[in-house]
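Below: one structure, written as structure tokens.
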2 protein chains.
Amino acid sequence: MKLLDKAHMYEGQEKFLVAVDCIVFGFDSKEIKLLLFRRRVEPLKGKWSLIGSFIKDYLSIEESAKQILYESTGLKDVYLRELKTYSTIDRDPGERVISVAYYSLIRIDEYKIESVEKYDAHWFSLDEVPELILDHGQMLEDAITKLRLKTKYEPVGFNLLPEKFTIPQLQIFYECIYQKKLDNRNFRKKLLSFDILIKSNEKDKLSSKKGAFLYRFNQKKFDSFIASGRSFEL
Amino acid sequence: MKLLDKAHMYEGQEKFLVAVDCIVFGFDSKEIKLLLFRRRVEPLKGKWSLIGSFIKDYLSIEESAKQILYESTGLKDVYLRELKTYSTIDRDPGERVISVAYYSLIRIDEYKIESVEKYDAHWFSLDEVPELILDHGQMLEDAITKLRLKTKYEPVGFNLLPEKFTIPQLQIFYECIYQKKLDNRNFRKKLLSFDILIKSNEKDKLSSKKGAFLYRFNQKKFDSFIASGRSFEL
DNA sequence: GCAAAAGTGTTTTCACTACACCCATGA
DNA sequence: TCATGGGTGTAGTGAAAACACTTTTGC
């Protein structure tokens, strides 16, 4: 079998337009936010949309997503996970486009305003999301469901909070996700029992006069926590 | 804005070959099995591979997956879920092909031997899987991880067992997934406490002289079980 | 009558829940 | 001094885990 023949094996097969769309979540220590963009090109120019683009021939789809995220937020190495492909033949009324959706969790305090402004972007709180183009509303819904599910077994909150965060901040994040109040004593007790945080001596006084101690996430300890077979659920 | 203009908006954008691959799981009341196919076309003809094909221009990717599954196993309406897209630019050494992987759970007693033979297929137990083409080994690994995770909150076992099954059969499935022995008293107690099974008067005597009662899954009761906010974990 | 799998209850253990007050500080 | 959010302990409840013997029947 000659490998070189292979280039011809797939001739005659139809090819497709392939895009990525990113659902970008943030958290401002009060509520979960969504980053949306005004579409800059026809068709549907000016409508609110997820950030997206056609994929590049020299990049994997994930790399394409990373690149568009970098361009539009100035952030590298963000938390990025595949959500789902959207491929109904008429989802784009003009021409068939297959879109692979990714969701991303970013630190709202770190994104670059310049990039965001250049792309005509805006943070929306989840209950004030405007109408979105195409099936982007469905993508968002699916992403929220997935995020909620994922939160049950993975410490996603640390990707949204600043590198140094307080326990009350983290609790508010979980309250947003689960959409219910949590008991602060029980929350703190369980969280600290996991022994995956590093306490600092600094306090954050932005949200109280007494101030709350700042912590960092300890990836190493978390890894061995998981390796020991325990499950992360708050 | 004229909608008809849109057909031209995407001109000049590169198009890609898009395929689906299906990881097909079965369960023979002893162990979890994987359905593999000998590739019928060059390149790599004769090698073991997941079942797959290029997608159709008149079908969504999921529909394409359903169709190839129907052709190769004779089964319709099977449990089918998207796994992940595989899109590194050199994953297929001949030409760039983007593949969307799906995993499927089928009743090993229901698939059509004719279709399977026509496609040169074979059931392998998970620890005797031969080397697979391209990144199909990676796909399988990812699918097993996902299946294991999914089992924790969804009753996937019922899709693999025959329509009428015994509690010991179901327990063996969970023992396979979790890779550990379970206590039969605790298993039975918890399972029955969910009240989502219908007991029949028939017994299955294939695996014991005493015989074990056959049960069916009650989808309606399961739906209200979930609606009541409880979580399915065995 | 015996081998082989099905089926059955109770006790212990541990994790989750509910619950209320003091602390530190800036204004 | 008071308003605000941060931080702490304990008792009670319920679910999971550990554990061993009897039943049925084909051979």
Side-chain angles (χ1 to χ4, degrees), chain A residues 28-31 151-153 161-162 164-216 225 228-234, chain B residues 28-31 151-153 161-162 164-216 225 228-234:
Chain A
D28 65 0
S29 300
K30 287 231 172 57
E31 55 183 6
T151 306
K152 291 218 161 181
Y153 54 87
L161 289 165
K164 292 181 176 184
F165 54 87
T166 68
I167 292 180
Q169 277 178 321
L170 189 63
Q171 182 177 339
I172 291 167
F173 168 73
Y174 278 90
E175 289 175 339
C176 288
I177 286 283
Y178 296 149
Q179 308 214 93
K180 65 171 181 188
K181 278 270 162 211
L182 299 176
D183 180 282
N184 63 340
R185 282 166 291 188
N186 294 337
F187 181 84
R188 180 180 293 265
K189 197 191 316 166
K190 189 163 182 190
L191 173 63
L192 292 177
S193 80
F194 292 159
D195 188 30
I196 53 161
L197 297 186
I198 305 165
K199 185 176 185 174
S200 78
N201 294 322
E202 306 156 71
K203 281 191 162 187
D204 173 277
K205 295 207 168 186
L206 290 176
S207 65
S208 83
K209 292 157 187 171
K210 183 178 178 183
F213 280 106
L214 287 162
Y215 290 79
R216 306 164 162 279
F225 172 87
S228 77
R230 303 214 280 153
S231 100
F232 186 87
E233 200 178 330
L234 275 171
Chain B
D28 66 359
S29 300
K30 286 232 172 57
E31 55 183 6
T151 306
K152 291 218 162 182
Y153 54 88
L161 288 165
K164 291 181 176 184
F165 54 87
T166 68
I167 292 180
Q169 278 178 321
L170 189 63
Q171 182 176 339
I172 291 169
F173 168 73
Y174 278 90
E175 289 175 340
C176 286
I177 286 284
Y178 295 150
Q179 308 213 94
K180 65 172 181 188
K181 279 272 161 205
L182 300 175
D183 180 283
N184 63 339
R185 281 166 292 187
N186 294 336
F187 182 84
R188 179 181 294 264
K189 197 190 315 167
K190 189 162 182 192
L191 173 63
L192 292 177
S193 79
F194 292 159
D195 188 30
I196 53 161
L197 297 187
I198 305 165
K199 186 175 183 174
S200 78
N201 293 322
E202 305 156 70
K203 280 190 164 188
D204 173 278
K205 294 210 167 188
L206 290 175
S207 66
S208 82
K209 290 156 189 171
K210 184 179 179 184
F213 280 105
L214 288 162
Y215 290 79
R216 306 165 162 279
F225 173 87
S228 77
R230 304 213 281 154
S231 100
F232 186 87
E233 200 176 330
L234 276 170

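Here the structure is a predicted model, which is why all the values come from computation and not from measurement. Naming convention: chains lettered A, B, ... in sequence-line order (proteins, then strands); numbering from 1 in each chain.
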Test your reading of the model: is there a side-chain donor-acceptor pair from A:Tyr178 to the backbone of A:Leu234, 3.5 Å cut-off? yes

B:Lys30 NZ: over 12 foreign heavy atoms closer than 6.0 Å: no

Interatomic distance where CG belongs to A:Leu191 and P belongs to C:dA15 [whole Å]: 16 Å

So, is A:Lys210 close to the C:dG26 phosphate, meaning a side-chain N or O under 4.0 Å from OP1 or OP2? no

Look at the side chain of B:Asn186 against the base of D:dA18 and say whether a donor-acceptor pair falls under 3.5 Å; ignore hydrogens and angles. yes

Which comes earlier along DNA chain D counting from the 5' end, the contact point of A:Lys203 or that of B:Gly211, where each point is its nearest nucleotide? A:Lys203

Could you check how far CZ of A:Phe213 sits from C1' of C:dT25, rounded to whole Å? 13 Å

Map B:Leu192 and A:Asn184 onto DNA chain C by nearest heavy atom, then report which one ends up closer to the 5' terminus. B:Leu192

Whether the side chain of B:Ser200 engages the backbone of B:Leu214 through a donor-acceptor N/O pair (distance < 3.5 Å, no angle test) should be reported. yes

Euclidean distance, atom CG of residue B:Leu206 to atom P of D:dT24 [Å, nearest integer]: 20 Å

Any donor-acceptor pair under 3.5 Å linking the side chain of B:Gln171 with the backbone of B:Leu182? yes

Any N or O donor-acceptor pair linking the side chain of A:Lys189 to the base of D:dT10 at under 3.5 Å? yes

If I take atom CG in residue B:Leu182 and atom C1' in nucleotide C:dA6, what distance separates them, rounded to the nearest angstrom? 16 Å

note: B:Ile172, atom CD1; C:dA4, atom C1'; distance rounded to Å ~ 13 Å

Can you identify which nucleotide, out of C:dG7, C:dA20, C:dT8, has its nearest atom closest to the A:Arg185 side chain? C:dA20

Regarding A:Glu175 and A:Lys181, does a basic nitrogen lie under 4.0 Å from an acidic carboxylate oxygen? yes

Which one, C:dG7, C:dC19, D:dG7, comes nearest to the side chain of A:Asp183? C:dC19

Within the 4.0 Å heavy-atom criterion, would you say A:Lys205 contacts the bases, only the backbone, or no part of the nucleic acid? sugar-phosphate

Check whether any side-chain N or O of A:Arg188 sits under 4.0 Å from OP1 or OP2 of D:dG7, and answer yes or no. yes

B:Leu234 CG to D:dA16 C1', straight-line distance once rounded to whole Å: 13 Å

Please classify the nucleic acid contact of B:Lys190 as base, sugar-phosphate, or nothing, using heavy-atom distances under 4.0 Å. sugar-phosphate

Quick one: which of C:dT17, C:dG7, C:dG26 gets closest to the side chain of A:Lys209? C:dG26

Provide, to the nearest angstrom, the distance between the CD atom belonging to B:Gln169 and the C1' atom belonging to C:dG7. 16 Å

In whole Å, I'd like the distance from the CZ atom of A:Phe187 to the P atom of D:dG7. 12 Å

